[in-house]
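Notes follow once the structure below has been shown.
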Number of protein chains: 2
Amino acid sequence: MFPRHIKFAALAADAVALSFIEGVLNVRLITTQVPAFKGKRALPGALIRPHETADQTVARVLAEKAGIHASYIEQVYTFSRVDRDRRGRVVSVAYIALLTPTELTKVAEREEHTAIWVPVASANRLAYDHDEILAAAVARLQAKVEYTDIIRHLLPKACTLTELQEAYETILKRKLDKRNFRKKLLAQGVLKKTGKHTSGGSFRPAELYAFVPSKGGIIDLI
Amino acid sequence: MFPRHIKFAALAADAVALSFIEGVLNVRLITTQVPAFKGKRALPGALIRPHETADQTVARVLAEKAGIHASYIEQVYTFSRVDRDRRGRVVSVAYIALLTPTELTKVAEREEHTAIWVPVASANRLAYDHDEILAAAVARLQAKVEYTDIIRHLLPKACTLTELQEAYETILKRKLDKRNFRKKLLAQGVLKKTGKHTSGGSFRPAELYAFVPSKGGIIDLI
DNA sequence: GCAAAAGTGTTTGGCATACACCCATGA
DNA sequence: TCATGGGTGTATGCCAAACACTTTTGC
């Protein structure tokens, strides 16, 4: 082990957990109790324990502090500004976590959780440098939505092409052309018809598609 | 500050410093003296000091342990495997650093440096998880070479299109078509003629191009 | 039959690819 | 004049973009 007199920066992991709620991208926030930011909203985070990887810390903090189990977790960036935590020197490894609607329904709303879902657009003036971390996570999501099928981790097992398009439009913050969108997505071969259809509307039922099992060949860590 | 009894994972920064030496991509390695890996090659790295950002740690470690000053430094990924350092719990923020030939000539070869340049292809069986870190850094370089002008940080102020093409080919590990390469690069508008030409060969002199000052609009952190 | 959303094809322009010869120089 | 690397243009295919009407359903 290292000499005991060496001072380390402390190491934490923070999670940007995102999910669609009624078509709006929401982020899971807690209310901090630390004196410096008392009452402010913050991303759920915790110090990395000696026996944990950063990934494991994120999974733990999401479960313990936010009542969440996310199927998709990805490291985004490590924030190390010296004054980012007023309590002392804390470096934070930031993660993005994505929840499908199914996972969203399983969010434990235990009373000890002060966690809430907040639309990303209204999540500002957060504690620490969490505005910056949130922005980085959303930027990562936007970038990856363009060249991977990451969006599957925010959507139900089966959904219509219209729902899919709306999800893309929400994340990318721009309108897409319906015919080109469909052509492109179907050409990618990541979707297959389920044979089922929506029902209940006073209009033509929509074909329900499912993501085919991931090839696993998606480049990460870039 | 945090209660004193809390145990932290220690935090380090490691640098993958890359430069072209005679057309071959080389990485700067040191020889570790720590008992667990004694004599093995490793990336230069150091613990992050309480008053430093990770970026600053990298700049310091490159200067102190590798005699290097790099114009370009970018964070790649944070490695947190529990057993990655046999001495104890150390999480490492990995960076890529790029040196131009000019910076390469300024590398301080002081005798206390055990640092050497090693072709990336022969840099394996490194200490810790540095094989993995090196691979991640090279992957990042390959990815960014495709959609940014990051390669400018590995090249001299002025170079020929052939040299530029060879640099791309070395990094991407594939051959490119000369005419298409030139069309594409010149169309991007990041190069301008210097008006100067190479000389000395028994063949037609080549036009020397320079990178125009960066637009600064390159997306980072993705 | 009408309101509402689902679904569908064609045209166009730009960009990546493939490919082969002439040019300028020094020896 | 020859050997060497520098430099150029055209044809093709694919993919992204633009764009409007028909279909199916419930009421």
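Below, read A as the first sequence line, B as the second, and so on, with proteins coming before strands; counting in each chain starts at 1.
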Any N/O pairs under 3.5 Å between the protein and nucleotides 12-16 of chain D? List them or say none.
none

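Between the CG atom of B:L185 and the CG atom of B:L164 there is a distance of 5.0 Å, given to the nearest 0.5 Å. Between A:Q56 atom CD and A:R60 atom CZ the span is 10.0 Å, to the nearest 0.5 Å. The distance from the OG1 atom of A:T57 to the CD atom of A:E52 is 3.5 Å, given to the nearest 0.5 Å. A distance of 12.5 Å separates CG in A:L18 from CZ in A:R140, rounded to the nearest 0.5 Å. Within the model, atoms OH of B:Y168 and CG of B:L155 stand 8.5 Å from one another, a figure rounded to the nearest 0.5 Å.
Atom CG of B:L185 and atom P of C:dT17 are 13 Å apart (whole Å). Computed from coordinates, the B:D177 CG to D:dT10 C1' distance equals 13 Å when rounded to whole Å. Between the CZ atom of A:F181 and the P atom of C:dG9 there is a distance of 18 Å, rounded to whole Å. Atom C1' of nucleotide C:dT8 and atom NZ of A:K193 are separated by 12 Å, given to the nearest angstrom. B:L186 has its CG atom 13 Å from the P atom of C:dA16, to the nearest Å. Atom-to-atom, NZ of B:K178 to C1' of C:dA20 comes out at 11 Å; the value is rounded to the nearest Å. Atom-to-atom, CD of B:Q188 to P of C:dC15 comes out at 11 Å; the value is rounded to the nearest Å. A straight line from CG of B:L191 to P of D:dG7 spans 12 Å, rounded to a whole angstrom.
Ranking D:dG9, C:dT10, D:dG6 by closeness to the A:K183 side chain, first place goes to C:dT10.
Contacts with DNA chain C (heavy atom under 4.0 Å) in residues 198-209 of chain A: A:S202, A:F203, A:R204, A:P205, A:A206, A:E207, listed by number.
The base of D:dA20 sits with one of its N or O atoms less than 3.5 Å from a complementary donor or acceptor on the side chain of A:R179.
A:H153 and A:Y72 have parallel rings, their planes meeting at less than 30° on a 0 to 90° scale where 60° marks the start of perpendicular. The aromatic rings of B:Y77 and B:F79 lie perpendicular to each other, with more than 60° between the two planes, well past the 30° mark.
No engagement by B:T160 is indicated, since no non-hydrogen atom pair under 4.0 Å with the nucleic acid exists.
The shortest non-hydrogen separation linking B:E103 to B:A70 is OE2-C, 3.9 Å.
Distances shorter than 4.0 Å separate some side-chain N or O of B:R182 from OP1 or OP2 on D:dG7.
Within the structure, salt bridge (Lys or Arg N to Asp or Glu O under 4.0 Å) contacts touching residues 14-25 of chain B (residues at least two apart or in different chains) are B:D14-B:R84.
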